[in-house]
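Residue numbers begin at 1 in each chain, while the letters A, B, ... track the order of the sequences.
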Protein chains: 2
Amino acid sequence: MKDKGNAPQETSHDGAISSKSRRTTLQDVASEAGVSFSAVSKVIRGASGVSPEMRSKVTAAIEKLGYRPHAGARAMRGKSFTIGVVLVELTSPFQPEVVQGISDELETSPYQEIIVAAGIAPERQQRAVEALIDRQVDGLILIAPWTTAEWLEDIAAKIPTVVVARHGGARNFDTVVDDDYEGARLMVDHLVGLGHRRIVHTSMPSGGLTRPFVLSHTARLDGYEQAMKRHGLEPEVIVTSYSEKGGYQAALQALAGTPRPTAIFAGADVAALGVLRAAEEQGLMVPEDLTVTGYDNIYVSTIGRISLTTVDQSGQLTGANSAKLLLERINGRETPKNYVVAPRLIPRATSGPPATATLQSQAELSST
Amino acid sequence: MKDKGNAPQETSHDGAISSKSRRTTLQDVASEAGVSFSAVSKVIRGASGVSPEMRSKVTAAIEKLGYRPHAGARAMRGKSFTIGVVLVELTSPFQPEVVQGISDELETSPYQEIIVAAGIAPERQQRAVEALIDRQVDGLILIAPWTTAEWLEDIAAKIPTVVVARHGGARNFDTVVDDDYEGARLMVDHLVGLGHRRIVHTSMPSGGLTRPFVLSHTARLDGYEQAMKRHGLEPEVIVTSYSEKGGYQAALQALAGTPRPTAIFAGADVAALGVLRAAEEQGLMVPEDLTVTGYDNIYVSTIGRISLTTVDQSGQLTGANSAKLLLERINGRETPKNYVVAPRLIPRATSGPPATATLQSQAELSST
DNA sequence: GAATCGGCGTGCAACGTTGTCCATGAAAAG
DNA sequence: CTTTTCATGGACAACGTTGCACGCCGATTC
């Protein structure tokens, strides 16, 4: 394997090769196999018009030299085999689960994902998408984008796109959503079934989006309100943010009301954690004095100390499905598909019948 | 702006343009500005030999056409302005914080990060790195890689690299590590200061790595053992994994010992959560009957219901610093740098003096 | 006033692929 | 035995950049 002496490394002017050795290219493989480089390209692309011997010779050479195609060069002509994924925050508990589902699904495909955490601001999200398009991604998966519907349609007209956690369907892209409406109903039914009547819901600003093109939290809000009305109960909503702090603030506000609610249904598990803190501070026992529930079934909710009653929507499944839809779309499908993930109620330790059931119903009666 | 009739869209054979309009290129900008495309390239690259008028004309044209450079084409000749980041798991609580730090740092640079979750298996991590190299990343940040030191040096010889959370320094790459050794000492001192003498530590397998080239958890283990010995105490280590389940199992094992330990110092917060669950199941009050502490100061540890005593190592800072080091290296620095993040003890509600202090010391005396 | 210099703009050859078009030769059909 | 067909492999022109080499021209120097 020594190549000393009479094998001049190509007569280039480039005297000082920068120690970092050159990458093996199609050309290298071609000369190793003793064929033309177009033939090698054909083998790699699985194009027709290749004899079996040809194929095996080339495959052997590729193996021997450890050849790997240059993504940049590929991107110049056609596909880059790269998928762009945009999410809001990596350190938030739910969205990374979706990404993990995407990663796992793409693991067996030739595609590689690029992940960008773009925050909540629409402008920054748009810049992130543009940066991905510069990198010639073959497709986009946008998780809970806060941009306008028109902008999304424009982007999707240019490049195969799947949007996650956004309701309302679309013309040019596929969607994967949890049935948030149904999930909220499940939770309200659970709480009402336990005997609760004053149930407060915490939500987030709608971000200027209009129905039916809304993000998950708005659909949950709608589901909550409808379910409450169906039970003949008065909805009560407090709008803060989906964060521990937002939940804490919402809880303080809710608990100051008279009569005090017996249950707080936070729109997200993170917010429910804040509600728990507020309850603790006010000396309320959960679930004896106050039932607290969330949505998302994030990891923290499962651990013993928290054991939060919540709704599961399988981030993994959501991610895997969006990756599947995107690959279909890259392979030519044009008609939009909308995949709906069925939510599942997970009753745990933070929900129970209201201890003050009799007292409460008296208050209800006198106030009606 | 209508271009009907006598503006033939270039005399190409390509009749059916696939609706998705062509991207604007250097050439387009050049004709808009009435200059050569090399001139435009110079302006973009900030090369010398450009007159002010030239620059403004070109900048205007770029602005007008909304030109954005094609990353693939750039990657063919030189830089791709892309950084590859490899981590173990996106859904783990600590590593995404590091990535967030990297993202924030790169936000103001022309570089864009590609994130890959590669799992714990060295082979899969290696494949991930190769996929990134195929994409011509200009640099790599590897978070807690389980690969051999030789392999890392080989990669780093080819491409600027920063390794996070791996001790021992290196020839060809920079490292950013928390001073895990010191952090473990802080925790042991804290516990001993409270009066504990039987302190169990939970760790993870070393993954076949040999000192001094070890991952964080091994350094924590070393720090724990040294500190215990300095206090004249007997170290007791249980090896499982850094997960809720791993912590649970370790705790069961530890609590079965006689005399029972009064404190369990888990090597990671996630594991400490499992310890808490085990304690709860056995009817032990924390911290009255058992002190539980962790390491990493993940988000969950901060919330009221958990309020875990732990050691903070600022993932954000770690990430930001590794990005800075990588950019320096991309700009030509060759001499390796090792950045050490100072750990900080965060005492919270899960640690306190052992209730059975007298009893405990009797047991100690009789067993010695 | 001629020679030299340096600033500025242009031309052009890569870079590593893809996919179309073309030449070759063997097998099948007449 | 000649013509057509078809499978196979090779040549080659893009793709959108970068960065070097060159040529022009006005200004400085002797």
Side-chain angles (χ1 to χ4, degrees), chain A residues 10-18 20 22-31 33-58 62 65 67-82 110 133-136 138, chain B residues 10-18 20 22-31 33-58 62 65 67-82 110 133-136 138:
Chain A
E10 201 145 348
T11 52
S12 100
H13 327 286
D14 197 354
I17 296 174
S18 64
K20 331 233 163 183
R22 201 174 52 86
R23 211 185 152 83
T24 59
T25 71
L26 268 189
Q27 194 54 263
D28 301 329
V29 177
S31 30
V35 294
S36 78
F37 85 94
S38 340
V40 180
S41 172
K42 273 189 187 173
V43 171
I44 288 165
R45 279 157 30 220
S48 62
V50 199
S51 67
E53 316 102 87
M54 178 80 188
R55 187 176 305 279
S56 59
K57 253 197 307 186
V58 171
I62 288 174
L65 299 181
Y67 166 78
R68 318 202 88 229
H70 187 296
R74 282 185 150 180
M76 297 271 306
R77 311 245 341 158
K79 307 168 66 78
S80 66
F81 294 99
T82 307
I133 293 178
D134 292 347
R135 275 159 186 84
Q136 305 303 111
D138 296 327
Chain B
E10 200 145 350
T11 52
S12 99
H13 328 288
D14 197 354
I17 296 174
S18 63
K20 333 232 163 186
R22 201 174 53 85
R23 212 184 150 82
T24 61
T25 71
L26 269 189
Q27 193 55 261
D28 300 330
V29 177
S31 28
V35 294
S36 77
F37 85 94
S38 331
V40 179
S41 173
K42 270 193 188 174
V43 172
I44 288 166
R45 279 158 30 220
S48 62
V50 197
S51 65
E53 315 102 89
M54 177 84 187
R55 188 177 303 279
S56 59
K57 254 196 306 186
V58 170
I62 289 175
L65 300 180
Y67 167 78
R68 318 200 87 230
H70 186 298
R74 283 185 148 180
M76 297 271 309
R77 308 243 347 154
K79 308 169 63 79
S80 65
F81 294 99
T82 307
I133 293 178
D134 292 348
R135 277 159 185 82
Q136 304 304 112
D138 296 327

Heavy-atom pair with the smallest gap, counting every atom of [X] and [Y]:
| X | Y | value |
| --- | --- | --- |
| B/A33 | B/K57 | O-CD, 3.8 Å |
| A/S80 | A/A75 | CB-CB, 3.9 Å |
| A/L26 | A/I44 | CD2-CD1, 3.5 Å |

Check whether [X] reaches the backbone of [Y] with its side chain - one donor and one acceptor, N or O, closer than 3.5 Å.
| X | Y | answer |
| --- | --- | --- |
| B/R74 | A/G72 | no |
| B/R23 | B/R68 | yes |
| A/S31 | A/Q27 | yes |

(message) With each end axis built from five pairs of C1' atoms, what bend angle do you get for the helix from C/dG1-D/dC30 to C/dG30-D/dC1? Round to 10°.
(response)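 Rounded value for the end-axis angle: 50°.
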(request) Produce a footprint string for nucleotides 15-23 of chain C: one letter per nucleotide, 5' end first; B if the base is under 4.0 Å from any protein heavy atom, S if only the sugar-phosphate is, - if neither. (result) BBBBB----
(message) With rounding to the nearest 0.5 angstrom, report the OG to CZ distance, A/S38 to A/R45.
(response)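 CZ of A/R45 is found 9.0 Å from OG of A/S38.
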